Chemist: 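Below is the structure I would like to discuss, written out as structure tokens.
Numbers for residues simply follow the sequence, beginning at 1. Note that the structure is predicted; figures quoted are calculated from it, not measured.
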Amino acid sequence: EFLPKNSLKVGYEFERYDREHRDVRRSDENAFITSLDLNPNKLMLVRLSYRHSGRSPDLYVENTDGFPLGLEESRRQLEGFRRFDEAARVRDRAEALVQFSPLDSLAFDATYGTTQDDFHESPYGLLKDISYYYTFDVDYSPRPEFSLFAEYAREKYNTRQRSRLFCALGVLLCAGENNSPNNDWESLNHDLVDTWTAGVDVFLAKRQVTFSTFYSLSAASGSILTWGLGDSSLPGYLLDSTLANCAYGGCTPQDFPDTNNRLHTVVASIKFSLFKSLSPKLEYRYEQYDRVDW
């Protein structure tokens, strides 16, 4: 705490996972953390934080416990494939928060954050996972008996994945020139979520009774873009819907149709104090979820 209410924090964390019947028996993760709290005056608070971590598995060996004896080649994992919860990963996470209170009855908050995962040792599977978010909210209490609040949040998610087409067309296509990087494909996933919230808190009987209600709408949209990485002029190229083995065009990488989701939430609650140590609360919640996808 280099000044009153102004502080700098640094830290180190170590985490180990031991697994059974998985592809990785043990993985270690080291993390370095820092955060800074600044209070330049009574009206403002600024908080910054950053975390860098790296996960290292000891050895990745495909686990076949769930397969019968005599496992045929067509059911094995793609060589180089890594499951994202076990694979080596570098993660960077940062967040910034600003609070501003120009009046005792009025407060503004804004937050920005990002998490970026790089699976740097994964030739196939999940390669990148990057997300961003920012939020704004305001609280206003014109009278001691009630207060109003409103919030807005936006979240963005982007993931990149890589795989290969070979065994899906039959056991005979699992080896030789068909099983080559020329039949690799990638997909890029985008998800966007917007959330709006507004509500009111009412205090009655000298704050012995609190009535709260709010409405929230969360709207999400998603898209998946997919493309081949190989050269169609080379022998063994399979990402072509005109091939005899590709009935109904199933071999050509195609973009998925977009998806849309909406969640409406209405909540009303009342809380009252019976004694100093006992405060029952009754709440009613209504939710409506709509989905449009392929």
Side-chain angles (χ1 to χ4, degrees), residues 1-17 24 27-57 82-102 107-123 125-139 149-162 186-197 216-225 261 263:
E1 192 173 24
F2 52 90
L3 290 173
K5 298 183 179 181
N6 292 266
S7 62
L8 174 67
K9 182 198 302 184
V10 294
Y12 166 79
E13 289 184 4
F14 172 79
E15 187 174 57
R16 169 169 291 174
Y17 270 87
V24 174
S27 62
D28 296 337
E29 185 160 1
N30 299 277
F32 300 91
I33 308 165
T34 181
S35 64
L36 178 66
D37 282 8
L38 299 175
N39 284 268
N41 50 57
K42 296 181 179 181
L43 306 180
M44 182 174 291
L45 166 66
V46 178
R47 177 170 296 160
L48 308 173
S49 63
Y50 173 72
R51 175 189 179 99
H52 175 81
S53 60
R55 183 175 64 196
S56 302
R82 298 292 183 265
R83 301 185 189 277
F84 71 90
D85 65 320
E86 302 172 317
R89 181 201 66 202
V90 174
R91 168 173 289 176
D92 292 287
R93 177 177 292 171
E95 185 177 78
L97 165 69
V98 177
Q99 294 180 343
F100 179 61
S101 303
F108 299 94
D109 287 15
T111 305
Y112 174 83
T114 180
T115 300
Q116 305 193 15
D117 291 346
D118 182 9
F119 297 85
H120 56 290
E121 295 183 9
S122 295
L126 184 60
L127 307 181
K128 299 280 188 179
D129 187 355
I130 301 176
S131 63
Y132 306 88
Y133 72 91
Y134 54 84
T135 67
F136 302 96
D137 61 84
V138 56
D139 293 274
F149 63 89
E151 303 171 359
Y152 170 74
R154 164 159 284 198
E155 304 165 72
K156 295 181 180 180
Y157 302 92
N158 299 306
T159 60
R160 177 169 159 245
Q161 302 176 81
R162 180 182 297 164
E186 284 192 2
S187 66
L188 189 63
N189 307 333
H190 298 281
D191 290 293
L192 179 64
V193 185
D194 291 300
T195 304
W196 298 266
T197 304
S216 177
L217 169 62
S218 182
S221 61
S223 63
I224 302 178
L225 308 178
N261 305 272
L263 175 63

Chemist: Apply side chain to side chain donor-acceptor pair (under 3.5 Å) to Asp85 and list each qualifying residue two or more places apart in sequence or on a separate chain.
Modeler: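 Checked Asp85 against side chain to side chain donor-acceptor pair (under 3.5 Å); matches are Arg22.
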Chemist: What's the spacing between Arg162 CZ and Leu127 CG if we round to 0.5 Å?
Modeler: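 Here the rounded value is 5.5 Å.
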Chemist: My understanding is that only residues two or more places apart in sequence, or in another chain, count here; which of them pass salt bridge (Lys or Arg N to Asp or Glu O under 4.0 Å) with Glu95?
Modeler: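 Per chain and number, Glu95 pairs via salt bridge (Lys or Arg N to Asp or Glu O under 4.0 Å) with no residue.
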Chemist: Nearest 0.5 angstrom please: Ser223 OG to Leu192 CG, how far?
Modeler: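 Nearest 0.5 Å value for the OG-CG distance: 9.5 Å.
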Chemist: Would you give the length of the straight line joining atom OG of Ser56 to atom CG of Asp28, rounded to the nearest 0.5 angstrom?
Modeler: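 Interatomic distance, Ser56 OG to Asp28 CG, rounded to 0.5 Å: 7.0 Å.
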Chemist: Which residues pass the side chain to side chain donor-acceptor pair (under 3.5 Å) test with Arg91, sequence neighbours left out?
Modeler: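 Arg91 satisfies side chain to side chain donor-acceptor pair (under 3.5 Å) with Asp117 once adjacent residues are dropped.
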Chemist: Mind checking what makes side chain to side chain contact (heavy atoms under 4.5 Å, CB included) contact with Ala31, not counting sequence neighbours?
Modeler: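 Once residues adjacent in sequence are excluded, the partners of Ala31 under the side chain to side chain contact (heavy atoms under 4.5 Å, CB included) criterion are Glu13, Arg51, Ser53.
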Chemist: Taking side chain to side chain donor-acceptor pair (under 3.5 Å) as the cut-off, I'd like each qualifying pair that reaches into residues 37-47, sequence neighbours left out, listed once.
Modeler: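 Every pair satisfying side chain to side chain donor-acceptor pair (under 3.5 Å) with a residue in residues 37-47: Asp37-Arg47.
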Chemist: Under the side chain to side chain contact (heavy atoms under 4.5 Å, CB included) rule, collect the residues that match up with Ser218, sequence neighbours excluded.
Modeler: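 For Ser218, the residues satisfying side chain to side chain contact (heavy atoms under 4.5 Å, CB included) (neighbours in sequence not counted) are Val193, Thr195, Leu263.
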Chemist: Under the 3.5 angstrom rule, does the side chain of Thr114 hit a backbone N or O of Ser131 as a donor-acceptor pair?
Modeler: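 Judged by distance alone, yes, a pair lies under 3.5 Å.
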Chemist: State, to 0.1 Å, how close Ser101 and Ala107 come at their nearest heavy-atom pair, and which atoms those are.
Modeler: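 In this case the closest contact between Ser101 and Ala107 is OG-CB, 3.7 Å.
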Chemist: Among all residues two or more places apart in sequence or in another chain, which pass the side chain to side chain donor-acceptor pair (under 3.5 Å) test with Thr159?
Modeler: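 Scan of Thr159 (side chain to side chain donor-acceptor pair (under 3.5 Å), adjacent residues dropped) gives Asn189.
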Chemist: Applying salt bridge (Lys or Arg N to Asp or Glu O under 4.0 Å), name anything that partners Lys128, two or more places apart in sequence or on another chain.
Modeler: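 Only Asp118 meet the salt bridge (Lys or Arg N to Asp or Glu O under 4.0 Å) criterion with Lys128.
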Chemist: Between Val24 and Pro57, what is the shortest heavy-atom contact and its length?
Modeler: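 Here Val24 and Pro57 meet closest at CG1-CB, 3.6 Å.
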Chemist: Tell me, please, which residues at least two apart from Asn30 pass side chain to side chain donor-acceptor pair (under 3.5 Å).
Modeler: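 Partners of Asn30 under the side chain to side chain donor-acceptor pair (under 3.5 Å) test: Tyr12.
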Chemist: Could you measure the distance from the CG atom of Leu36 to the OG atom of Ser7? Nearest 0.5 Å is fine.
Modeler: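 Output value for this atom pair is 7.0 Å.
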Chemist: Who passes ring pair (Phe, Tyr, Trp, His ring centres under 6.0 Å) against Tyr152, sequence neighbours left out?
Modeler: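 Partners of Tyr152 by the ring pair (Phe, Tyr, Trp, His ring centres under 6.0 Å) criterion, ordered by chain and then number, come out as Trp196.
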Chemist: Could you please spell out the steps behind the side-chain hydrogen bond (donor to acceptor under 3.5 Å, both in side chains) verdict for Tyr50 and Asp92?
Modeler: CA-CA 7 Å; Tyr50 173 72; Asp92 292 287; 2.5 Å; yes
Chemist: Would you mind reporting whether Glu186 and Leu225 have side-chain heavy atoms less than 4.5 Å apart?
Modeler: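 Sidechains of Glu186 and Leu225: no contact.
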Chemist: Among residues two or more places apart or on two chains, list those pairs meeting salt bridge (Lys or Arg N to Asp or Glu O under 4.0 Å) that have a residue in residues 3-12.
Modeler: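 Those involving residues 3-12 do not exist here.
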Chemist: Quick one: CZ on Arg154 to OH on Tyr132, what's the gap to the nearest 0.5 Å?
Modeler: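 Atom-to-atom, Arg154:CZ and Tyr132:OH are 14.0 Å apart.
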Chemist: Please confirm whether the backbone N or O of Pro123 pairs with a side-chain atom of Arg82, one donor and one acceptor, at under 3.5 Å?
Modeler: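 Between the backbone of Pro123 and the side chain of Arg82 there is no qualifying donor-acceptor contact (under 3.5 Å).
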Chemist: For Thr197 and Ser216, which I'm curious about, is there any donor-acceptor pair between the side chains at under 3.5 Å?
Modeler: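 Yes, Ser216 and Thr197 have a side-chain donor paired with an acceptor closer than 3.5 Å.
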Chemist: Output all residues satisfying salt bridge (Lys or Arg N to Asp or Glu O under 4.0 Å) with Glu121, sequence neighbours left out; order by chain, then residue number.
Modeler: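 Glu121 satisfies salt bridge (Lys or Arg N to Asp or Glu O under 4.0 Å) with no residue once adjacent residues are dropped.
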Chemist: If you look at every heavy atom in Thr135 and Ala153, which pair is closest and at what distance?
Modeler: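 Looks like CG2-CB, 3.7 Å.
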Chemist: Mark yes when over 12 heavy atoms from residues, nucleotides or ligands other than Phe149 sit less than 6.0 Å from its CZ; otherwise mark no.
Modeler: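 Count over threshold, so yes.
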Chemist: Taking atom CZ of Phe119 and atom CD of Glu86, what is their separation to the nearest 0.5 Å?
Modeler: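 Spacing of CZ (Phe119) from CD (Glu86) equals 11.5 Å.
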Chemist: Around Tyr133, counting heavy atoms of other residues, nucleotides and ligands shown, do more than 12 lie under 6.0 Å from its OH?
Modeler: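 Enclosed.
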